[in-house]
Amino acid sequence: MAQILVTGGAGYIGSHTAKRLASAGFETVVLDNLSTGHRDFARWGAFVQGDIADGELLDRLFTSRTIDAVVHFAAASQVGESVREPLRYYRNNVAGTVSLLSAMRRHGVETLVFSSTCAVYGPPFDVLLTEDHPSAPISPYAKSKRMMEDVMEDMGRAGCLRHVALRYFNAAGADPEAEVGERHNPETHLIPLVLQAALGQREALSIFGDDYDTPDGTAIRDYIHVQDLADAHILALRHLQKGGAPGAFNLGNGQGHSVRQIIDAAREVTGRDIPTRMAPRREGDSPRLVGDASKARRVLGWNPQLADIRRIIETAWAWHKNETSFTPTR
Ligand SMILES: NC(=O)c1ccc[n+]([C@@H]2O[C@H](COP(=O)([O-])OP(=O)(O)OC[C@H]3O[C@@H](n4cnc5c(N)ncnc54)[C@H](O)[C@@H]3O)[C@@H](O)[C@H]2O)c1
């Protein structure tokens, strides 16, 4: 049976997607170098430890298996680190992805679903962002994603790739069965940071800026459940396999929640105190990023099931409460 290659399938979103692919009847092989991923997250399908930059490994993989399509999560994805170490991002996310695309080309694999990001969008931010909103990525991380979207579009025009770029808003939550969840270290995402503060694993949660032009002064984001993201990948694969048009799709709930609203919701869900402290704005953070995902709903038939922010936090809380063996170092 043909397999789906899941690069980065030992990471947060990749592992949830591998699980959903398996339950939808797909055979998968995860390729992950475990730089930020976890071996115990790669529990669905086959696992190969290795790097997308390793052309010989990719040749062996594509020769020894029948790979139908690639779902490509593997990337470095910390915005702040990308500002400090841009080359690392261009090497891993751009050169690494070009290596993967080259191997696909050598072996005649033409179908790809790619993890992109809402960070490709530029101002104005006080509107619902649609796919044709002006693109103006700021960080090397976001630029690396935008560059790869351009490469994929060019390959599509040349007739050698059919791809969907999924522009995620803020991935959040955990597998409702708590078999996998979010385990980044360092953690930079708000909801796990809030829950680690609730668990006493962090002294206090830093709120970066309360002087934004938003109702409570803190930044607003669109949180989307990781399982809903996972399901969008399956729909994107089916769309491409049916001959659907390539392109970019936003994945978000279309609802903004401020940092303070997330903290309040987390206090309610956990029943715990969440100590906070104020910190200056972080460079490059926009005041508001909320997406219009009507194209994904219309074209892919995507219908997020876990959109409620409390439900998102509840699933994350169920996961983090049981992560007793994991201690965040930063
Ligand atoms: N988490 C979010 O909110 C979010 C938002 C927008 C886009 N994204 C994108 O989604 C994808 C997955 O994000 P995540 O949060 O699951 O991150 P993650 O760090 O948990 O997962 C990335 C995985 O890729 C692996 N990897 C990295 N470089 C590799 C390489 N060269 N070869 C093989 N494996 C490699 C890592 O070991 C890890 O398992 C990334 O491409 C990220 O940029 C994430």
Side-chain angles (χ1 to χ4, degrees), residues 5-19 29-43 47-55 57-58 61 70-79 81-82 88-101 103 112-121 129 137 139-149 165-175 180-193 221-230 232-233 248-253 289 291 312 316 326:
L5 174 63
V6 183
T7 76
Y12 171 46
I13 307 170
S15 59
H16 288 78
T17 304
K19 177 174 178 175
V29 52
V30 163
L31 171 67
D32 199 299
N33 65 4
L34 301 184
S35 53
T36 56
H38 311 283
R39 180 63 188 87
D40 61 311
F41 278 18
R43 27 193 306 195
F47 175 69
V48 174
Q49 184 169 349
D51 200 293
I52 51 168
D54 184 344
L57 170 72
L58 291 174
L61 216 151
V70 178
V71 186
H72 177 35
F73 297 97
S77 57
Q78 289 169 45
V79 173
E81 183 186 64
S82 80
R88 186 164 165 215
Y89 279 71
Y90 293 122
R91 194 184 307 119
N92 203 30
N93 299 1
V94 177
T97 301
V98 169
S99 156
L100 175 70
L101 292 169
L112 178 83
V113 179
F114 174 60
S115 300
S116 190
T117 167
C118 63
V120 299
Y121 294 119
L129 302 167
S139 68
Y141 163 68
K143 287 180 189 168
S144 74
K145 293 288 183 179
R146 177 68 240 186
M147 280 177 201
M148 291 324 304
E149 283 199 20
L166 296 175
R167 294 179 180 159
Y168 317 152
F169 282 69
N170 283 53
D175 170 27
V180 272
E182 192 160 12
R183 191 196 292 154
H184 291 123
N185 196 17
E187 186 54 78
T188 57
H189 298 102
L190 180 64
I191 290 176
L193 290 171
R221 293 291 179 270
D222 182 347
Y223 294 89
I224 177 75
H225 198 281
V226 64
Q227 183 168 285
D228 287 328
L229 286 183
H233 292 73
F249 294 83
N250 284 343
L251 298 180
N253 278 316
L289 284 171
I312 291 176
F326 172 67

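Counting starts at 1 for both ligands and their atoms, following the listed order.
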Exercise for the section: Quick one: sort the His184 and Tyr12 rings into parallel, tilted or perpendicular, breaks at 30° and 60°. Expected result: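 It falls in the perpendicular class, over 60°.
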
Does [X] reach ligand 1 with a nitrogen or oxygen that is under 3.5 Å from one of the ligand's nitrogen or oxygen atoms?
X	value
Asn170	no
Phe73	yes
Ile52	yes
Tyr168	no
Gly11	yes
Gly37	yes
Asn92	yes

Atoms in ligand 1 flagged as close to [X], the criterion being non-hydrogen separation under 4.0 Å:
X	value
Ala10	39 (O)
Gly50	32 (N), 33 (C)
Ser116	6 (C), 7 (C)
Ala171	1 (N), 2 (C), 3 (O)

Exercise for the section: Would you kindly specify which portion of Glu182 sits under 4.0 Å from ligand 1, judged on non-hydrogen atoms: side chain, backbone, both or neither? Expected result: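 None of Glu182 does.
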
Out of [options], who gets a non-hydrogen atom closest to [atom]?
atom	options	answer
atom 14 (P) of ligand 1	Met148, His184, His38, Arg167	His184
atom 26 (N) of ligand 1	Asn33, Leu31, Leu251, Thr7	Asn33
atom 9 (C) of ligand 1	Tyr141, Phe114, Tyr89	Tyr141

Exercise for the section: Could you establish whether Phe169 and ligand 1 come within less than 4.0 Å of each other, counting only heavy atoms on the residue side? Expected result: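 Right, Phe169 reaches ligand 1.
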
